[in-house]
Amino acid sequence: MNLELFRNKLPSGLIHLNDFLDLKFQKQVLTEIDKITTICPLRRIKTKNGGNFSTQITNCGKLGWWSDHKGYRYTDCDPTTGLTWPKMPDLFIEIIHRTLKNIPIEKTFIPDACLINYYSKDSKMGLHQDKDEKDLTQPIITISLGDRADFMIGGNKRSQKPALLNLDSGDVLVMSKDARPLFHGIKRIYEETSPIKKLIGRFSLTFRKAG
DNA sequence: TAGTGACG
DNA sequence: ACCG
């Protein structure tokens, strides 16, 4: 048994669909994000202890993820306005269907939440687990748009050294099965690598079944 | 708590 | 200075 090889092996539930969405489609997704942020602008959120995130977020779908002095949670409306989150665009549902058709691991997935994170060149996301969802066996599907990112995929403990994975514009990442509970984050953003000229920085769209 | 940095 |  080659221990080094074993240590470097990525979990089978982590599926990286490289260059899955073509540039034209990516631009359509960006148009939908523009519509969403017009209704519900990107906002800087805080941790429970008052710490600042370097990303800015908004949501669409029935539920949206939020963090403030009360902690992490899903809400059915924007806590800053009391308005319901914008509707999940049909185009996003289409991406989910196309993704499911191309992976052997999941047959159905009906997300009720889409967290939209915007990363500028200096944004990072520390290692964390997604565990605010009701059913933690449901996968999480992430779309990357804009600048290239170094994605960290770690273990079940934060102390485990993460492996790095490049996420480019148009890539789709599925965290399911054994990969679902793993610590993960974004180590860095590569400035001016976006294939979409008018997009500076990176958007990630993470689809969850939260409720 | 998905932050940051002080501290050992 | 670097790591956890």
Side-chain angles (χ1 to χ4, degrees), chain A residues 7 10-11 13-14 16 33 36-37 40-80 85 111-167 171-191 201-211:
Chain A
R7 192 173 295 128
L10 293 173
L14 184 74
H16 183 199
I33 294 174
I36 290 164
T37 56
C40 189
L42 291 166
R43 297 200 181 83
R44 297 191 177 280
I45 52 166
K46 285 181 177 295
T47 63
K48 195 185 199 176
N49 299 326
N52 291 300
F53 285 79
S54 56
T55 58
Q56 296 182 67
I57 74 162
T58 187
N59 288 278
C60 67
K62 186 171 174 287
L63 296 170
W65 186 85
W66 194 255
S67 173
D68 57 21
H69 65 282
K70 291 179 188 168
Y72 301 161
R73 64 198 182 280
Y74 284 95
T75 64
D76 54 16
C77 60
D78 178 349
T80 63
W85 300 110
D112 54 16
C114 174
L115 169 60
I116 300 171
N117 262 292
Y118 174 73
Y119 295 78
S120 59
K121 65 183 174 66
D122 298 318
S123 298
K124 293 181 285 288
M125 182 79 70
L127 283 175
H128 67 280
Q129 296 167 301
D130 291 340
K131 42 183 196 178
D132 302 311
E133 300 73 34
K134 207 161 275 174
D135 179 0
L136 298 179
T137 68
Q138 289 285 322
I140 291 184
I141 297 182
T142 303
I143 313 297
S144 295
L145 222 59
D147 285 339
R148 168 178 292 171
D150 273 343
F151 177 78
M152 301 182 282
I153 181 72
N156 290 291
K157 294 180 297 180
R158 188 182 265 111
S159 57
Q160 191 173 323
K161 190 189 169 186
L164 257 40
L165 199 62
N166 268 333
L167 292 184
D171 289 7
V172 176
L173 189 75
V174 183
M175 289 179 78
S176 65
K177 303 287 190 307
D178 56 338
R180 178 63 177 79
L182 302 181
F183 276 91
H184 59 282
I186 293 291
K187 189 178 175 70
R188 79 170 202 109
I189 300 294
Y190 294 86
E191 197 179 354
R202 172 179 185 260
F203 278 111
S204 77
L205 282 65
T206 60
F207 295 90
R208 301 101 184 272
K209 189 189 179 305

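Letters go in sequence order (proteins before strands), and every chain restarts at 1.
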Inset, instruction - Assess the side chains of Asp122(A) and Ser120(A): does a donor N or O sit below 3.5 Å from an acceptor N or O? - result: no
Legend entry - For atom CD of Gln160(A) and atom P of dG4(C), their distance in whole Å: 13 Å
Inset, instruction - If dG3(B) has a Watson-Crick or G-U wobble mate with both distances under 3.5 Å, name it; if not, just say none. - result: none
Legend entry - Distance in angstrom units between Lys187(A) NZ and dT4(B) P, rounded: 13 Å
Inset, instruction - Rounded off to whole Å, could you give me the CD1-to-C1' distance for the Ile186(A) and dG3(B) pair? - result: 16 Å
Legend entry - Minimum side-chain heavy-atom gap Asn59(A)-Ile116(A) below 4.5 Å: no
Inset, instruction - Specify the separation, in whole Å, of atom CE of Met152(A) and atom P of dG3(B). - result: 9 Å
Inset, instruction - Take atom CG of Asn52(A) and atom P of dG5(B), then tell me their distance rounded to the nearest Å. - result: 11 Å
Inset, instruction - Determine the contact category for Gly126(A): base if any of its heavy atoms lies under 4.0 Å from a base atom, sugar-phosphate if only primed atoms, P, OP1 or OP2 are that close, otherwise nothing. - result: sugar-phosphate
Legend entry - Heavy-atom side-chain contact between Leu173(A) and Leu165(A) under 4.5 Å: yes
Inset, instruction - Return the nucleotide paired to dA1(C): Watson-Crick means purine N1 to pyrimidine N3 with N6-O4 or O6-N4, wobble means G-U with N1-O2 and O6-N3, both under 3.5 Å. - result: none
Inset, instruction - Take the protein atom CG of Asn49(A) and the nucleotide atom C1' of dG5(B), then report the distance between them rounded to whole Å. - result: 14 Å
Inset, instruction - Report yes or no: do Thr75(A) and Arg73(A) form a side-chain donor-acceptor pair below 3.5 Å? - result: no
Legend entry - Between P of dT4(B) and NZ of Lys46(A), the distance in whole Å: 11 Å
Inset, instruction - Please report, rounded to the nearest Å, how far the P atom of dT4(B) is from the NZ atom of Lys48(A). - result: 19 Å
Inset, instruction - Quick one: label Asn117(A) by what it contacts on the DNA or RNA (base, sugar-phosphate, nothing), any heavy atom closer than 4.0 Å. - result: nothing
